[in-house]
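Following: one structure in structure tokens, then a few remarks.
Convention: sequence-line order gives letters A, B, ...; per-chain numbering from 1.
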Number of protein chains: 2
Amino acid sequence: MARTPERDGGASARRAAARPRRRPTIQDLAQAAGISPSTASRALSGNGYVAAEVRARVIAAAEQIGYVPDGNARSLRSRTSRAVGVLISDIRNPFYANLAAGIEEQLRSAGYHVIVVNNDGQPEAEVEGARTFMAVRVSAAIITPVSNRAVRMLMNDGVAVVQADRMVDGATSDGVLVDNVQGAQEITGHLVGLGHTAIALLIDETDWTTGAGRLAGYRAALRSAGLPMDPALVVPTRFQPEAARSAVNALLDRRPDVTALFAANNMLAEGAFQALRLRGLRVPEDLSLVAFDDVPWMSMVSPGITTVDQHTDQLGRTCAQLVVDRLEGPATEAATVRYIEPSVVVRGSTGPPRTLLPASAEGPASTVSRRTVTPGPRRRPTR
Amino acid sequence: MARTPERDGGASARRAAARPRRRPTIQDLAQAAGISPSTASRALSGNGYVAAEVRARVIAAAEQIGYVPDGNARSLRSRTSRAVGVLISDIRNPFYANLAAGIEEQLRSAGYHVIVVNNDGQPEAEVEGARTFMAVRVSAAIITPVSNRAVRMLMNDGVAVVQADRMVDGATSDGVLVDNVQGAQEITGHLVGLGHTAIALLIDETDWTTGAGRLAGYRAALRSAGLPMDPALVVPTRFQPEAARSAVNALLDRRPDVTALFAANNMLAEGAFQALRLRGLRVPEDLSLVAFDDVPWMSMVSPGITTVDQHTDQLGRTCAQLVVDRLEGPATEAATVRYIEPSVVVRGSTGPPRTLLPASAEGPASTVSRRTVTPGPRRRPTR
DNA sequence: CTGTTAGCGCATTCAA
DNA sequence: TTGAATGCGCTAACAG
């Protein structure tokens with residue numbers, strides 16, 4: 001059963017509270033190695049000349065006495081920092097979680113560490129987070145912005161900023177974006193190719209580059225197919241799944257001619273999926289459903305949801321790489337924006353529109369594994 | 001469409017690289033407010049006497065010149081830090097994501113910030129993370145331990161450690177655990193109550209307090225029901241869903257008499273669910289499935305998965321609270337361990353065993369909303 | 001190649 | 001109630 005701390009008595013439990021022992025400083029290290037502090041510093045940091053033999057001795061001594069350089073003192077003196085701030089909306093959302101994971105892994109392997117702040121989509125919390133980053137003197141910050149204030153504050157403060165997933169007006173920084181237009185266009189095109197003509201778009205915002213791009217891609221696909229652009233099929237909703245559920249219900253009550261539904265992100269897809277199920281609609285026989293952003297539940301449900309994979313891990317890693325380039329590379333003048341090429345993942349939630357279906361046709365059996373269509377080139381450097 | 005940075009020309013783009021402006025220091029602030037640095041320090045930190053009028057003037061001046069105290073200098077001098085390390089296995093797993101989110105929210109509201117390190121379940125990465133925490137001088141660390149090394153290192157270094165979700169031998173610290181025994185016992189009891197007698201437990205480890213507790217709870221439920229304890233029904237597997245899938249397949253090939261399956265965590269449940277679907281088994285008509293840990297896909301699939309809700313958010317917030325108590329409270333001697341009371345969420349994946357079913361019975365329609373059974377007391381202080 | 005000197009920005013003595 | 005002096009631990013100059 002549970003290993004309880006009582007097991008080992010009070011001796012080490014007492015250590016939990018008190019913290020008396022002074023940490024060894026570089027002075028102690030220098031003394032232990034029989035050299036001066038500055039030589040010890042050079043030996044450990046690798047800056048400046050140190051005899052190989054001496055370096056080895058210092059490293060051994062450091063190991064011996066358990067010396068760990070004080071990052072605060074080091075930052076203070078050297079005016080640099082290995083800390084990078086990550087300011088995201090909601091780490092519970094798998095999109096942000098994967099983004100953060102990609103960032104963290106890449107930065108960790110480059111010798112940086114990450115300070116994570118959730119802002120819950122609140123501009124005030126975002127500014128508060130930026131203030132925290134300034135206080136701890138991060139050298140860079142990666143932000144999925146909700147307003148331009150935090151980005152501006154940080155850039156004014158000399159922090160290297162990378163906007164992730166979306167970019168806001170009035171703040172020019174590096175950025176990594178998904179090609180929302182292409183992803184949306186491609187998946188809408190998939191529906192068009194199946195014969196759909198009344199395709200609704202469920203979307204919560206069109207002010208950010210994400211929503212605007214997805215709407216544009218949706219429209220472009222319809223346009224290039226010569227389909228009518230019915231404004232009533234662009235269904236606004238709030239971000240919560242419950243809101244999306246209501247919006248879908250209202251839409252289907254109003255427009256029984258709709259044969260396909262495109263949910264602009266994973267939250268809306270969740271609500272849409274629930275709405276369809278609660279109405280007892282069969283997917284894809286009665287209605288096809290597609291989404292933007294691939295999250296785990298979409299491949300667990302039957303049929304699986306056809307969606308746009310944003311390669312969120314890669315998005316995160318690319319942000320991290322941009323940070324490292326900016327911090328360690330030459331002092332390039334221009335802000336750079338990279339694009340991630342999304343790809344459509346076709347699962348069982350899409351099929352021909354119902355009017356084209358033979359009376360008693362069965363949908364394709366869904367599979368657990370994903371079939372990716374048009375893997376294509378994964379990355380487009382800049383644009 | 002996308003708001004590209006080119007929009008605003010090169011002027012501010014140039015700022016992206018260069019960072020010339022010196023940040024205002026407390027000297028600048030003092031000068032601006034017409035007082036000495038030490039008075040400014042007291043005014044902002046609230047330590048020591050400052051005339052109310054002077055404090056107001058300092059705060060106004062700080063706002064005016066954009067002064068943000070340097071956390072590094074402050075930590076260095078005061079030998080304290082508002083940084084807390086969070087060392088978890090895999091932030092992509094919703095369990096850890098929720099844990100981290102709960103921790104971050106609670107700590108942020110208490111004025112701390114978190115440094116997040118993923119260790120991918122690797123002891124070496126865990127030690128590396130601990131070293132990072134030591135280097136940046138966190139005042140506390142919250143860890144889901146994979147070995148006892150990191151915990152010991154940090155405690156030896158005087159860092160307040162909270163072990164989260166599980167505790168390891170050989171390292172005595174504060175901790176927050178889920179009552180795995182009770183959760184497992186309760187959900188196994190649920191199956192027993194439905195009439196199941198051949199219940200398999202799919203489990204990846206029994207060395208940690210988590211696996212050990214869940215196994216113990218499973219056994220306790222069988223014992224108290226007077227059911228035979230068949231060791232062959234405790235099915236070992238590795239942690240990955242694919243491994244779980246194979247293990248379930250092998251089990252069902254070997255033991256056609258099994259009527260219910262208990263997956264000991266969300267990853268194993270994923271594999272188990274896929275295995276059942278790929279075999280074409282109906283849930284719960286052919287086999288009942290339950291899990292430990294409630295993650296989003298479990299309420300999206302049909303039927304929903306009956307599972308143990310660990311209240312992961314609360315787990316995280318409790319860890320954070322323990323940290324704050326330890327850092328700000330009196331220097332209590334004893335390490336404290338809190339328990340989170342899990343609760344069973346009954347969905348559609350459980351029903352009577354197939355031998356008791358009338359030939360052509362249909363399972364209950366699954367619903368999206370959750371029905372929670374025995375909400376009961378949410379928290380038990382200590383144990 | 002190594003040691004000495006001098007702060008980084010701040011909070012904390014201690015006097016006033 | 002305020003100010004002057006003193007390092008926290010480290011690294012960047014500089015001189016050897």
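- Atoms OH (A:Tyr67) and P (D:dG9) sit 10 Å apart, rounded to a whole Å.
- Rounded to an integer number of Å, the gap from A:Leu76 CG to D:dA12 P is 12 Å.
- Counting any heavy atom pair closer than 4.0 Å across all strands shown, B:Ser41 reaches a base atom.
- Residue B:Tyr49 has its side chain nearest to D:dT1 when only D:dA12, D:dG9, D:dT1 are considered.
- For the pair A:Arg79 CZ and D:dA13 P, the interatomic distance rounds to 11 Å; values are reported in whole Å.
- You'll find the side chain of B:Val58 reaches within 4.5 Å of the side chain of B:Leu29, heavy atoms only.
- Here OG1 of A:Thr318 is found 11.0 Å from CG of A:Leu177. Values are rounded to the nearest 0.5 Å.
- Considering every non-hydrogen atom in both B:Val159 and B:Ala141, the closest pair reads CG1-N, 3.7 Å.
- Between B:Met153 and B:Ala130, the shortest heavy-atom distance links the atoms CE-CB, 4.1 Å.
- OP1 or OP2 of D:dC10 has not a single side-chain nitrogen or oxygen of A:Asn72 nearer than 4.0 Å.
- Nearest approach of A:Ser139 to A:Tyr112, heavy atoms of both residues: OG-CE2, 4.4 Å.
- Listed in residue order, the members of residues 23-35 of chain B having a heavy atom less than 4.0 Å from DNA chain D are B:Ile35.
- Across all strands, B:Pro37 comes closer than 4.0 Å to no nucleic acid atom at all (heavy-atom distances).
- For DNA chain C, the outermost nucleotides in 5' to 3' order that have an atom under 4.0 Å from a heavy atom of chain B are C:dG9 to C:dT12.
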Apply the test salt bridge (charged side-chain N to carboxylate O under 4.0 Å, His left out) to residues B:Glu104 and B:Arg317: give CA-CA distance (whole Å), side-chain angles for both, the deciding distance (0.1 Å), then the verdict. CA-CA 8 Å; B:Glu104 195 273 339; B:Arg317 283 195 301 273; over 6 Å; no
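- Residues B:Ser41 and B:Ser38 bring no donor and acceptor atom of their side chains to less than 3.5 Å of each other.
- Close to D:dG3, at under 4.0 Å from its OP1 or OP2, lies a side-chain N or O of B:Thr39.
- A:Tyr96 pairs with exactly one of A:Asn118, A:Ile88, A:Val116 by the side-chain contact (heavy atoms from CB on, under 4.5 Å) rule, that one being A:Ile88.
- In this structure, the CG atom of A:Asn47 is 10 Å from the P atom of D:dA13, given to the nearest Å.
- Between B:Ala73 and A:Arg42, the residue anchored nearer the 5' end of DNA chain D, judged by the nucleotide with its closest heavy atom, is B:Ala73.
- As rounded to whole Å, 11 Å separates atom C1' of D:dA5 from atom CZ of B:Arg77.
- Taking both residues in full, the closest heavy atoms of A:Asp174 and A:Ala334 are given as OD1-O, 4.4 Å, listed atom of the first, atom of the second, then distance.
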